[in-house]
Amino acid sequence: MMVKQISLFLENKEGRLARVCRILGDAGINIRALSIADTSNFGVLRLIVNQPDTAYNILKQNGFVVDITEVIAVEVPDQPGGLAGTLEILEKKNINVEYMYAFLGTTSQDALVILRVENIAGAVETLEAANVKVLEGEEVYSL
Amino acid sequence: MPREQLKDLQLERLRKTLERVYHNVPFYRQKLQEAGFEPGDLQSLDDLQKLPFTAKQDLRDNYPFGMFAVPMSEIVRVHASSGTTGKPTVVGYTRSDINTWAELMARTLTCGGTTKNSVIQVAYGYGLFTGGLGVHYGAERIGASVIPISGGNTQRQIMLMEDFGTTVLACTPSYAIYLAEAMEEMGVDKNRLKLQYGVFGAEPWSERMRQEIEKRLNIKAIDIYGLSEVIGPGVASECQEQKGLHIFEDHFLPEVIDPVTEKPLPFGEKGELVFTSLTKEGIPIIRYRTRDITTLKAEVCSCGRTHVRMEKVMGRTDDMLIIRGVNVFPSQIESVLLEIGDTEPHYLLVVDRKGSLDELEVQVEVSQAMFSDKVKGLETLEKTIHHRIESLLGISAKVKLVEPHSIPRSEGKAKRVIDKRSL
């Protein structure tokens with residue numbers, strides 16, 4: 001129930017993001033979702049791609065500091081209060097969300113969000129018990 | 001030897017040295033005359049401050065034999081530096097100097113733990129460089145079994161270490177690490193080696209590097225210190241307590257000076273190490289500026305030795321920066337980064353002046369070990385580096401994390417400083 005997320009360190013200067021995208025594009029890797037957390041000096045780019053291991057190796061070969069982090073992908077009802085309901089399920093169990101971002105494309109009626117939590121197994125169990133759909137890595141990469 | 005007695009001995013020997021250089025070395029005669037000092041003026045060791053300094057350049061200017069205090073017929077050995085930055089600096093030894101040197105190296109090795117039962121592999125280079133022959137003569141003086149293999153030829157070094165049952169390794173600390181790596185690659189079982197300890201010197205090395213050598217070779221790593229202008233190895237050595245290097249003060253008079261004002265500093269303060277030789281005949285040296293930065297301490301060591309100790313040398317005045325009046329060495333920043341990261345850090349110090357205030361920016365390449373995909377983690381890293389620099393140096397530096405390989409590499413010595421100030 002885990003999704004491999006690629007995260008890498010980027011300096012805040014022009015052309016760096018474009019360079020990452022170009023490297024991945026040239027390797028035939030498709031970006032499914034991304035988020036950038038930034039400060040005035042640097043940013044952390046987080047990516048969900050169709051081939052995480054290949055992307056990791058290629059970025060590493062190109063000299064980036066890159067890591068694979070495990071996150072979970074969750075379907076939330078695409079309606080007002082949909083996300084709130086899902087987050088409240090976690091909150092009740094004291095599971096803290098470290099960061100999250102939305103997934104770009106989906107096939108169902110629902111929206112997809114990526115969640116990074118400390119206790120992945122606990123979060124998955126809690127969400128499933130509340131009938132929230134948690135996606136497998138393979139499902140996400142091939143969306 | 002009690003310190004009062006030692007001081008008397010030093011004074012007597014200093015007087016002889018001054019007589020020798022005044023009468024035999026035109027360079028010193030002129031320097032002393034300029035300073036208005038004659039050998040007879042020497043009253044106490046405090047008069048040392050009135051004597052002129054000797055710099056490396058003085059040896060170069062007097063290339064090759066201008067600093068010698070005896071005729072060539074008295075010289076039995078010549079050593080020289082590699083001369084990578086110009087003419088080499090040449091030093092000469094009389095028979096008595098060679099004897100003294102062997103005695104000092106025997107002390108150095110005994111300090112570390114060498115006995116007549118030791119098998120010592122001398123992997124310092126032999127030749128014009130003082131390391132190989134220096135250790136060699138000292139080890140023979142003790143009566144240890146010497147393997148004079150010299151530097152390089154790593155596989156052979158390891159084979160002999162195994163087959164001859166080497167107990168003491170003598171080489172540069174970086175070569176010790178290299179040997180450890182080579183053993184790991186070759187699959188050598190280190191438990192089968194008889195190595196007990198190593199004497200390492202000829203380049204500055206950190207405490208961290210010591211820990212690495214000790215762990216990887218499963219030995220005790222002893223720091224030894226010397227430089228050819230003073231005599232070679234055998235100027236100072238750590239004992240097994242590893243709490244600073246005992247300076248052999250009956251032969252060399254140490255001082256620590258402020259590198260800028262050139263004024264002597266009291267014990268305990270960090271500054272540039274300066275040596276005056278007390279017994280050398282071939283090339284006596286007066287107040288030689290080593291460029292090495294250290295601190296002297298007078299307390300008696302827990303091993304019982306009474307000679308003054310110097311701290312491990314970690315920096316040189318050549319790469320010292322003065323920021324808001326504070327002396328800053330790249331090696332100090334490096335030690336902070338080494339504590340935090342896991343590998344050798346790539347960093348750059350950028351100094352600029354904003355208004356009337358100096359600003360220091362420390363650029364640090366983020367390594368895999370430092371990276372966190374949480375912004376908070378990286379900000380904590382920046383803050384930690386900032387705080388540690390502040391507590392170590394007392395100045396506030398701006399820390400900037402940069403991508404790997406974004407700091408330019410150089411083929412030789414790494415460039416660590418960009419000083420944009422126009423002073």
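Atoms considered below: every heavy atom in the structure, side chains included; atoms not considered: hydrogens, waters and symmetry mates. Each chain gets a letter, A, B and so on, in the order the sequences are listed, and its residues count up from 1. Just so you know, these numbers come straight off a predicted model, no measurement behind them.
- Closest of all the heavy-atom pairs between B:Ser406 and A:Glu11 is OG-OE2, 3.4 Å.
- Separating the CG atom in B:Leu401 from the OG1 atom in A:Thr39 is a distance of 8.0 Å, to the nearest 0.5 Å.
- In this structure the side chain of B:Glu382 reaches within 4.5 angstrom of the side chain of A:Asn41, judged on heavy atoms.
- For A:Phe9, the parts sitting under 4.5 Å from any heavy atom of chain B are the backbone and the side chain alike.
- Heavy atoms of other residues, nucleotides or ligands lying less than 6.0 angstrom from CD of A:Glu125 number 12 at most.
- Residue B:Lys215 places its NZ atom among 12 or fewer non-hydrogen atoms of other residues, nucleotides or ligands, all under 6.0 Å distant.
- Heavy atoms only, all atoms of each residue included: A:Val65 and B:Pro404 are closest at CG2-CG, 2.9 Å.
- By the 6.0 Å contact criterion, CG on A:Asn30 is enclosed, its count of non-hydrogen atoms from other residues, nucleotides or ligands being greater than 12.
- Rounded to the nearest 0.5 Å, atoms NZ (A:Lys13) and CD (B:Glu403) are 6.0 Å apart.
- Nearest heavy-atom pair across A:Phe42 and B:Val375 is CZ-O, 4.5 Å.
- Proximity to chain B (any heavy atom under 4.5 Å) is restricted, for A:Glu98, to the side chain, taken from C-beta onward.
- Within 6.0 Å of the NZ atom in A:Lys93, the count of heavy atoms belonging to other residues, nucleotides or ligands does not exceed 12.
- The candidate with the highest count of non-hydrogen atom pairs below 4.5 Å against chain B, out of A:Gln5, A:Arg16, A:Arg116, is A:Arg16.
- Counting heavy atoms of neighbouring residues, nucleotides and ligands inside a 6.0 Å radius, atom NZ of B:Lys376 does not exceed 12 of them.
- By number of non-hydrogen pairs under 4.5 angstrom with chain A, the leading residue of B:His405, B:Glu365, B:Gln368 is B:Gln368.
- The contact between A:Leu10 and chain B is made by backbone and side chain atoms together, counting heavy-atom distances below 4.5 Å.
- When side chains are defined from C-beta on, A:Tyr99 counts as touching B:Asp373, because their heavy atoms get closer than 4.5 Å.
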